[in-house]
Amino acid sequence: MQNYRLKCLVLVFASSVISTFLMHSYLYYNHERMKLQATEREKIAFQHISEKLRKDFTANSGASSTTQRTLSDLKHLLGNSNQACKHFNSFLLGNLSVNASYKATILEATKAGINLHEGCFQPTHCRSKQKVAVVIPFKNRHQHLLTLLTYLIPMLQRQNIMYCIFVAEQFDDGSFNKARVMNAAFKEISTKWNSHQDGLMRKFDCFVFHDVDMLPENDQNLYMCGKMPKHLSPAIDKFNYTTGYGTKYGGVTAMSPENYRLVNGHSNRFWGWGGEDNDMEERINKTGLSIASVNETVGRYKMIPHVHPWWFSPSTGVGSSYRKIVQKTLTSSDKEKKTEKVDTSGLSNIKYNLMGVQKTKLWNKIILDIRSYELENATIEFARYKGSGVNIYSMSELHKARRQINKTTEQNVAETIRDEPDLVCMPTYHRFDKMTINRTTSMYDKRYTTVYRDLDEAKQKCTEMQTSCRAIVEQVKGRFTLRTTAFVQENNLRYKYGLGEQYDVQEHHYSTAVYVKLCPGDPRYLQFFTEPVMLYGDEEMGPSPRYHTDMFMRVFHATNTSFVYKSQMMTSHRAIMEERVMNKLAEKPWWDSLSKIQYTKTKLVTLSDQNSYEKFAIERTKSSQLLKIRTPVNGLLRVPGCYVLKNSIVEESTSTAVLEWNSWFQMKAVSEDMEKKMLDKMLEKSMEAGRQFNKMMYDKRNIVEKWAADRQKKNIEIQKENLRHQRPQMHHG
Ligand code: BGC
Ligand code: MN
């Protein structure tokens with residue numbers, strides 16, 4: 001009786017183990033909505049495992065029928081936990097069918113990751129030969145991440161590998177520096193993540209750097225490290241699966257931490273898309289290592305189709321000018337420059353600031369501020385009379401807000417893993433009526449083509465999308481769409497919201513509205529000053545308003561350098577003039593109307609210079625320095641209108657913009673009448689300037705023409721002279 005009961009217990013236990021196992025296997029293998037079709041191999045693998053379990057069970061249950069059995073006793077049916085895992089095993093399916101345009105949902109990704117705990121997986125029935133960190137450098141690609149993980153996780157599980165998934169997100173909103181993100185992630189993970197949870201008290205033996213858009217097509221491609229750095233993705237559909245597609249070490253790579261240290265990681269100097277992998281090839285070779293590549297059958301990937309958004313562009317945003325220098329030397333194909341190609345910058349001098357960690361069931365998102373400089377606070381003061389401030393605008397809450405990145409728990413996955421967790425900004429939306437709106441976003445993303453009927457829903461989505469949504473546009477009454485950039489027109493004054501280049505212009509509307517997303521204190525968003533700067537006095541004689549900026553800049557990576565403050569004023573006065581002249585809308589595309597009217601350049605402080613350092617530094621800590629900087633006073637035009645003030649701090653030695661922030665404000669005259677007078681005055685002045693310009697051009701043309709005529713005359717004379725000399729001598733004889 002006792003025996004029978006025990007047997008029953010064992011049977012129930014074992015069958016539940018088997019069924020759980022089969023259920024998991026089912027989930028691994030069968031993503032019905034993804035249409036991963038069951039192959040012959042898959043069916044065989046199923047048969048194989050169920051057969052093994054059945055046999056083991058019958059063989060063991062009799063022998064140990066008199067002893068109490070626990071779950072862990074039964075685990076050996078699946079393998080011995082002290083045994084080394086078989087990574088290349090019969091669970092592997094070989095070729096996988098992958099749909100690169102598939103948009104996996106969070107639920108599907110979560111289903112795939114059913115056995116993950118805080119982004120990590122550990123085989124229970126054997127000991128993985130390596131503990132692998134899968135590092136995914138990331139910026140605004142949430143959909144790609146979900147699709148990647150839905151495919152990748154089941155594959156890694158079949159490989160029996162102990163691994164953790166790290167999403168390494170660049171915090172700031174400048175151009176993407178994947179190389180810096182990888183270095184920072186490596187440093188963070190290899191120093192702090194080695195013993196963070198039970199059962200995972202091991203160091204990482206291997207780092208797989210994984211582009212978020214690369215989907216593996218063969219699960220026999222083991223995500224493990226060898227002695228040499230390994231290229232896991234030599235064959236990509238985009239390049240017709242032919243190797244040598246521009247890099248021998250890009251996309252998906254695996255390197256031991258020892259080797260990564262040996263090559264000094266990636267260069268920190270590649271802003272925007274491309275090049276960092278080519279530089280890595282050189283580093284590997286120069287260190288005496290060599291690149292091992294998996295073969296083209298196994299190392300096959302599909303790339304999720306996408307257009308690179310502006311933050312991939314090497315020519316805009318923070319770091320762009322630096323990038324141009326780097327491009328010339330490091331990535332040059334010029335053989336003579338090849339010796340310069342390996343950069344000294346790398347893991348040894350990467351500085352970053354960990355902004356937060358977000359743990360979900362599927363990943364550990366580490367948010368990294370990779371900038372060397374950080375704007376802690378900036379106050380812009382407008383003054384109409386010398387010394388008396390009228391409008392003071394400050395971005396002071398900035399730092400506090402940014403630190404509020406919470407660790408989420410995994411109690412309810414569907415709730416905690418949202419589309420884009422809002423890490424920073426709880427924005428407000430400012431409505432501008434009767435605007436002309438122009439969308440300048442790229443078309444690659446459905447998020448920007450979706451039409452919302454409900455404004456609140458649109459706002460919620462825009463909030464979730466953080467910096468990838470800057471404005472909501474109401475093109476037709478009651479129909480809202482999200483935009484990365486928007487242009488608005490109000491009373492014939494035009495200005496632009498959002499970041500990025502003006503590309504992919506799609507729309508031109510009248511009589512619609514725009515809701516501009518405002519994040520007070522966060523320099524990644526346009527700072528919006530609600531109170532106008534007032535213009536007093538009469539239209540000619542009134543005092544010119546002035547402004548200066550006080551800022552606190554935190555320096556993490558002090559080099560011997562000087563900073564330059566640049567401010568640039570954007571307005572639309574030229575367009576207003578055109579309009580007033582033609583009494584209709586300008587024929588030209590009106591986004592041309594954002595003209596630069598002012599540009600100042602001020603040398604601020606030299607970090608290495610003790611005197612000026614003392615003058616500007618107000619606080620000094622070990623890891624960073626906080627500099628207080630006051631810019632000299634700049635004058636403003638006495639013209640009413642809307643302005644965008646573009647501010648940047650530029651590192652003088654490299655001409656790199658290290659900090660950028662933009663603000664929007666309005667100038668108003670005390671009365672409408674005066675406003676009109678001021679605009680007329682400006683029009684008069686500029687028409688006069690135009691006449692002068694035309695006269696100058698006319699005179700210049702006359703001078704040039706006269707010069708050309710003179711020259712022609714001279715030439716003819718010279719020719720005649722030459723001919724005279726060259727005339728053959730007549731010999732009579
Ligand atoms: C770029 C690499 C890139 C490769 C393939 C090269 O021109 O420099 O960064 O991986 O093309 O697209
Ligand atoms: Mn890509």
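Atoms considered below: every heavy atom in the structure, side chains included; atoms not considered: hydrogens, waters and symmetry mates. In each ligand, atom 1 is the first atom listed, and ligand 1 is the first ligand listed.
On a distance-only criterion, Asp277 and ligand 1 share at least one N/O pair closer than 3.5 Å. Every N/O-N/O distance between Gly274 and ligand 1 stays at or above 3.5 Å. Polar contact with ligand 1: present for Asn278 (N/O pair, distance under 3.5 Å).
The contact set between ligand 1 and Tyr245, taken as ligand atoms under 4.0 Å from a residue heavy atom, comprises 5 (C). Close contacts of ligand 1 with Phe239, meaning ligand atoms under 4.0 Å from a residue heavy atom, involve 12 (O). Atom numbering of ligand 1 starts at 1 in the shown order; those under 4.0 Å from a heavy atom of Gly275 are 1 (C), 2 (C), 8 (O), 9 (O).
Using modelled atom types, one finds a donor on one side chain and an acceptor on the other under 3.5 Å when comparing Tyr352 with Glu188.
Note: Phe207 and Phe186 have tilted aromatic rings, judged against thresholds of 30 and 60 degrees for the angle between ring planes. Taking the six-membered ring where tryptophan is involved, the planes of His210 and Tyr223 are tilted, since the angle between them lies from 30° to 60°.
With sequence neighbours excluded, the residues forming a salt bridge (Lys or Arg N to Asp or Glu O under 4.0 Å) with Asp219 are Arg158, listed by chain and number. Under the side-chain contact (heavy atoms from CB on, under 4.5 Å) criterion, Thr253 pairs with Phe209, His231, Tyr249, sequence neighbours left out.
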